[in-house]
Amino acid sequence: MIAGALLIGTFFSPDANAGASVQAPKPMVLVMLGPPGSGKGTQATMLKEKLGLPHISTGDLLRDNVKRGTTLGGQAKTFMESGRLVPDQLILDMLFERVAQSDCQKGYILDGFPRTLAQAEALQSRLKEKAQIKVINLELADKIIIERLTKRIVCETCGIPYHLVSAPPQKSGVCDKCQGKLVQRSDDTVEVISRRLKVYHEQTSPLIAYYKKLKLLQSVPCEQSKEQIFAKIQDIL
Ligand code: AMP
């Protein structure tokens with residue numbers, strides 16, 4: 001049995017029909033919560049491989065729309081460039097359309113969503129009892145975040161992040177995984193990062209209390225290596 005199957009097995013819940021020999025698996029929805037730069041994307045990428053579930057990053061979906069010049073991309077661009085949140089309704093329409101696709105039937109990993117209470121409530125009301133939700137809250141101090149993000153480069157093609165000092169690519173400027181071009185995100189400047197952190201503390205951090213109350217939240221300190229953090233997340237799951 002592959003390790004991913006072991007992990008997914010922990011999310012199986014008893015069928016309402018007691019006594020039935022087969023247990024119905026509920027789709028697993030993993031929410032990666034945490035400030036920008038806490039490693040949500042990195043951990044979600046690792047979890048995707050382990051669990052065999054799609055990694056859905058609202059930031060990546062938006063950047064793809066901007067790149068393709070869609071109406072949504074045009075509406076989102078100025079918010080993103082200034083470090084502000086894109087309006088809830090645009091995000092909800094985009095996200096719910098994505099998770100309705102067939103690859104999400106067994107569950108998915110959310111990265112960068114929800115970011116507001118309205119988004120979290122919309123997700124809860126959509127999923128209701130139909131899915132098992134787990135929320136992993138990655139904790140990291142603002143000082144470390146600024147250091148991380150100003151030295152972050154990401155693959156233009158697959159979105160995988162690198163760090164110029166602590167996790168550089170094997171070949172400068174080239175993605176190890178897909179050979180795509182590595183670039184600095186236009187919102188990874190000190191000025192925009194400060195705005196994104198302010199927005200996080202004002203609008204997203206209240207979700208910690210929200211999910212705590214629902215008893216869905218597990219917090220993981222993120223000063224360690226990505227492998228150590230990943231091991232902790234696997235213990236939680
Ligand atoms: P990220 O790649 O997650 O850091 O997101 C980059 C930018 O996309 C954010 O600074 C926001 O402008 C926008 N964005 C991504 N996800 C959301 C969301 N769930 N709600 C609102 N705006 C978002």
Side-chain angles (χ1 to χ4, degrees), residues 29-45 47-48 54-68 70-99 108-127 133 135-138 140 142 144-146 148-163 182-208 210-211 222:
V29 175
L30 262 186
V31 173
M32 305 303 292
L33 199 63
S38 55
K40 299 188 295 295
T42 302
Q43 293 300 325
T45 304
L47 284 165
K48 170 189 166 168
H55 163 202
I56 298 174
S57 151
T58 42
D60 284 349
L61 290 177
L62 289 168
R63 279 184 287 278
D64 180 56
N65 273 278
V66 172
K67 208 159 133 187
R68 290 187 290 116
T70 65
T71 309
L72 170 62
Q75 289 165 317
K77 196 168 186 275
T78 38
F79 292 101
M80 296 170 76
E81 280 173 351
S82 62
R84 290 180 174 80
L85 293 185
V86 174
D88 286 333
Q89 201 52 55
L90 294 180
I91 296 290
L92 290 171
D93 290 347
M94 173 186 79
L95 194 266
F96 290 158
E97 190 186 319
R98 174 64 188 90
V99 299
Y108 43 90
I109 304 163
L110 290 174
D111 159 15
F113 179 94
R115 259 178 158 101
T116 63
L117 271 176
Q119 292 179 15
E121 283 165 356
L123 181 69
Q124 281 302 119
S125 106
R126 181 186 168 98
L127 296 176
I133 307 183
V135 183
I136 307 289
N137 177 39
L138 303 183
L140 197 64
D142 287 5
I144 304 176
I145 288 171
I146 294 173
R148 271 196 190 179
L149 290 186
T150 48
K151 295 197 174 60
R152 174 167 78 173
I153 41 174
V154 296
C155 176
E156 221 177 28
T157 310
C158 70
I160 288 187
Y162 296 83
H163 185 274
L182 300 180
V183 293
Q184 185 176 41
R185 274 173 46 172
S186 60
D187 59 351
D188 276 348
T189 60
V190 176
E191 196 195 352
V192 183
I193 293 165
S194 305
R195 159 80 66 179
R196 286 160 65 201
L197 281 172
K198 189 167 178 283
V199 166
Y200 167 79
H201 289 297
E202 286 172 2
Q203 298 187 61
T204 308
S205 68
L207 298 186
I208 295 173
Y210 174 81
Y211 282 123
C222 288

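Just so you know, ligand 1 is whichever comes first in the structure, and atom 1 is the first atom listed for that ligand.
Contact annotation: for Val86 versus ligand 1, heavy atoms closer than 4.0 Å belong to both the backbone and the side chain. Contacts between Met94 and ligand 1, counted as non-hydrogen atom pairs separated by less than 4.0 Å, are absent for every part of the residue.
Atom CZ of residue Arg195 and atom CD1 of residue Ile193 lie 13.5 Å apart, to the nearest 0.5 angstrom. Distance check: Thr45 OG1 to His55 NE2 gives 5.0 Å after rounding to the nearest 0.5 Å.
Contact atoms of ligand 1 toward Arg196: 4 (O) (distance under 4.0 Å to a heavy atom of the residue). Atoms of ligand 1 found under 4.0 Å from any heavy atom of Thr58 (numbered from 1 in listed order, with element): 15 (C), 16 (N), 17 (C), 19 (N). The contact set between ligand 1 and Arg84, taken as ligand atoms under 4.0 Å from a residue heavy atom, comprises 11 (C), 12 (O).
Under a 3.5 Å cut-off, the side chain of Thr58 and the backbone N or O of Gly112 do form a donor-acceptor pair. Between the side chain of Lys40 and the backbone N or O of Val31, no donor-acceptor pair lies under 3.5 Å. Remark: the backbone N or O of Leu61 is paired with a side-chain donor or acceptor of Asn65 at under 3.5 angstrom. Side-chain atoms of Gln203 never come within 3.5 Å of backbone atoms of Leu117 as a donor-acceptor pair (strictly under, hydrogens ignored).
If you check each of Met32, Met80, Lys40 against atom 7 (C) of ligand 1, the one with the closest non-hydrogen atom is Met80. In this comparison of Leu61, Val154, Ile91, the heavy atom closest to atom 23 (C) of ligand 1 sits on Ile91. Nearest to atom 20 (N) of ligand 1 by heavy atom, out of Arg185, Lys77, Gln119, is Gln119.
Between His201 and Asp142, the side chains place a donor N or O and an acceptor N or O closer than 3.5 Å (distance only, hydrogens not considered). In this structure, a donor-acceptor pair under 3.5 Å is present between the side chains of Arg84 and Ser82.
Nearest protein heavy-atom contact of atom 13 (C) of ligand 1 is Leu62 CD1, 3.5 Å. The protein heavy atom nearest to atom 9 (C) of ligand 1 is Arg115 NH2, 3.9 Å.
Ligand 1 lies within reach of Arg63, whose nearest heavy atom is under 4.0 Å from it.
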